[in-house]
Protein chains: 2
Amino acid sequence: METLTVEQIAERIWLSIAERRLRPGMRLKETELAEVFAVSRARVRQVLAMLERDGLVVIESHKGAVVAKPGVEDAKDIFHVRSAVEQRVLERLIGQLDAAKMVEMFEHVARERIANNSNNQREIIKLSGGFHVMLAEMAEAEFLCSLMRDLVSRTSLISAAFRDSNQHNCGPDEHELILLHLKNGDLQAAKKAMADHLEHVESALRLAQDREPPRSLRDALV
Amino acid sequence: METLTVEQIAERIWLSIAERRLRPGMRLKETELAEVFAVSRARVRQVLAMLERDGLVVIESHKGAVVAKPGVEDAKDIFHVRSAVEQRVLERLIGQLDAAKMVEMFEHVARERIANNSNNQREIIKLSGGFHVMLAEMAEAEFLCSLMRDLVSRTSLISAAFRDSNQHNCGPDEHELILLHLKNGDLQAAKKAMADHLEHVESALRLAQDREPPRSLRDALV
DNA sequence: GGTGCCATTATTGTTGACAATAATGTAGAC
DNA sequence: GTCTACATTATTGTCAACAATAATGGCACC
């Protein structure tokens, strides 16, 4: 059996969080993860460090890692920053588009639709986040790209923490609408569609109050 | 002698980059760093991973770490995102201010001025970047804070790469002006002052062309 | 019976040795 | 003399054992 790379393990954990199999506040013991993924603890440590930088887990010295538990304020801030960054991505993207990129983008949405129809939750999660990262990549701005990756992973966590059901909330139709406006070269319409899309995602959550039950006795008291 | 922590080493390296003692493209060998700071290679590795996430170094598999060499486009993008984020920080900050914070902020500027007068380059660099991070901290938004830290460190690198002399370019006067507007509760004026300040910093650089001489033969040819 | 203290255990943090990989230098063939 | 193939070296990647720390449970004492 091939040993998993750091990135592969990180993605697996990210997916588990997005699928709400790993809930905010849950502890991630190094030895446990090492056994599950059949790798050394050193590698698990790298993975956890990476997940921490993406805001998915928090690590306390000599205490270990737990899945991060974003508050309502965190969520609102991230959505606000994200909408600003997505606008910036579109601004840059409109000047960098060509036919090949356009095709690739529509193909991505097509894959989203297939996953949606077959109700493949894992693929749906990967692809709907991936759409926004792809836009940033095609804008060919290194920093925007890494920032978007960060924002998407944090959004996944927020979505997992505050969403009611296991249903995804980032459908292919709205993505396609953005692409259509881009294809027409209508930047303003694309930005509007993006803003609406993000607002739909945010409003699908219950950000009014912290509804999450505490994960442990400690959480209930602290 | 006390062994240095990961953060301390990272700061030392960051300072060296900001002071242009470490130039973009320079190689950072693990064993070398381990000797210099008298720590194990494992710790150096953690430091390098941290610096990579901050965009200060790039790590290639089996090749090692080199000081990042931002391009003009990178620089412009980072400044653009930064100005947007700084505006957001001020918006949040205006609602979170109290007398104690105000005092602390003016004290920070006072320290900047002292460092400026005594021409203590190291302190100047630390404090002028620290000013913006402090603002984000006082806005009490976790994500904005970590994002600002990231942006400030990337800005330091850009500044080191594109600035002509070793002179700093983020003086205390403009910082104080922002604080005065905040004290008066004039958000618009504060935002304007911040935008002007960032523009001054950016225009002090030579972003028109890549002036950096190549760091190695390879760079000159590739 | 409750409470504070100490021993035990579980978990993280650190280190040095070893393996894998890429860069460098060298010798031989043409 | 130049080029290619091979050996050497330098550097990074990986791991498993050890040390340090915090959580747990038991015991005496009040």
Side-chain angles (χ1 to χ4, degrees), chain A residues 1-13 16 22-54 56-69 214-222, chain B residues 1-13 16 22-54 56-69 214-222:
Chain A
M1 173 181 170
E2 277 292 301
T3 72
L4 297 165
T5 70
V6 173
E7 287 77 15
Q8 288 171 326
I9 297 171
E11 180 174 332
R12 290 273 295 269
I13 294 179
S16 291
L22 282 176
R23 297 289 198 89
M26 277 188 179
R27 194 142 168 230
L28 298 170
K29 289 185 231 184
E30 294 182 356
T31 52
E32 218 170 309
L33 293 174
E35 281 175 15
V36 169
F37 295 111
V39 297
S40 70
R41 258 187 61 218
R43 191 167 293 192
V44 169
R45 252 156 123 46
Q46 290 180 52
V47 171
L48 291 175
M50 181 179 297
L51 293 173
E52 188 192 27
R53 105 183 158 198
D54 289 338
L56 292 183
V57 310
V58 298
I59 300 177
E60 265 183 306
S61 188
H62 292 284
K63 293 253 200 95
V66 298
V67 178
K69 189 188 314 192
R215 293 269 86 78
S216 69
L217 265 299
R218 167 178 297 277
D219 295 333
L221 305 173
V222 175
Chain B
M1 173 182 170
E2 276 292 302
T3 73
L4 297 165
T5 69
V6 172
E7 287 77 15
Q8 288 171 326
I9 298 171
E11 180 173 333
R12 290 274 294 271
I13 295 180
S16 292
L22 282 176
R23 297 290 197 89
M26 276 186 179
R27 197 144 165 227
L28 299 171
K29 290 185 230 184
E30 295 181 354
T31 52
E32 218 170 307
L33 293 174
E35 280 173 16
V36 170
F37 295 113
V39 297
S40 70
R41 257 186 64 218
R43 191 167 292 192
V44 170
R45 248 153 131 38
Q46 290 180 52
V47 172
L48 291 175
M50 182 178 297
L51 293 173
E52 189 191 26
R53 107 182 157 202
D54 289 338
L56 292 182
V57 310
V58 298
I59 301 177
E60 264 183 307
S61 188
H62 292 284
K63 293 256 201 92
V66 299
V67 179
K69 188 189 314 192
R215 293 270 87 78
S216 69
L217 265 299
R218 167 178 298 274
D219 294 333
L221 305 172
V222 175

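All chains are named by letter (A, B, ...) in the order of the sequence lines, taking the proteins before the strands, and each is independently numbered beginning at 1.
Using a 4.5 Å heavy-atom cutoff, the side chains of V44(B) and I9(B) are not in contact. Taking 4.5 Å as the limit, some side-chain heavy atom of E7(B) sits within range of a side-chain heavy atom of M50(B).
Whole-Å rounding puts the E7(B) CD to dG13(C) P distance at 12 Å. Residue L33(B) contributes atom CG, which lies 18 Å from atom P of dA10(D) at whole-angstrom precision. Taking atom CG on L48(B) and atom P on dT12(D), their separation rounds to 9 Å, with Å as the unit. Taking atom CD of E60(A) as the reference point, atom C1' of dT11(C) lies 14 Å away to the nearest angstrom. Atom-to-atom, NZ of K63(B) to C1' of dA20(C) comes out at 16 Å; the value is rounded to the nearest Å. The CD-P distance, from E30(A) to dT12(C), rounds to 5 Å in whole Å. The separation between H62(A) atom NE2 and dA19(D) atom P is 16 Å, rounded to whole Å. Regarding I59(B), its CD1 atom lies at a distance of 16 Å from the P atom of dA22(C), rounded to whole Å.
Under the side-chain hydrogen bond (donor to acceptor under 3.5 Å, both in side chains) criterion, E52(A) pairs with no residue, sequence neighbours left out.
To the nearest 0.5 Å, the span separating CG on L22(A) from CZ on R12(A) amounts to 11.0 Å.
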Legend entry - Verdict with supporting geometry, L33(B) and L48(B), side chain to side chain contact (heavy atoms under 4.5 Å, CB included): CA-CA 10 Å; L33(B) 293 174; L48(B) 291 175; 4.0 Å; yes
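The salt bridge (Lys or Arg N to Asp or Glu O under 4.0 Å) pairs that include a residue from residues 30-43 of chain A are E30(A)-R41(A), E30(A)-R45(A), where partners are two or more places apart or lie in different chains.
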Below 3.5 Å between N/O atoms, which protein atoms pair up with nucleotides 14-17 of chain C? Just atom names and distances, please.
unit_1, atom_1, unit_2, atom_2, d
dT14(C), OP1, R43(B), NH2, 2.9
dT15(C), OP2, S40(B), OG, 2.8

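At dT11(D), one or more side-chain N or O atoms of K29(B) fall inside 4.0 Å of OP1 or OP2 (strictly under the cut-off).
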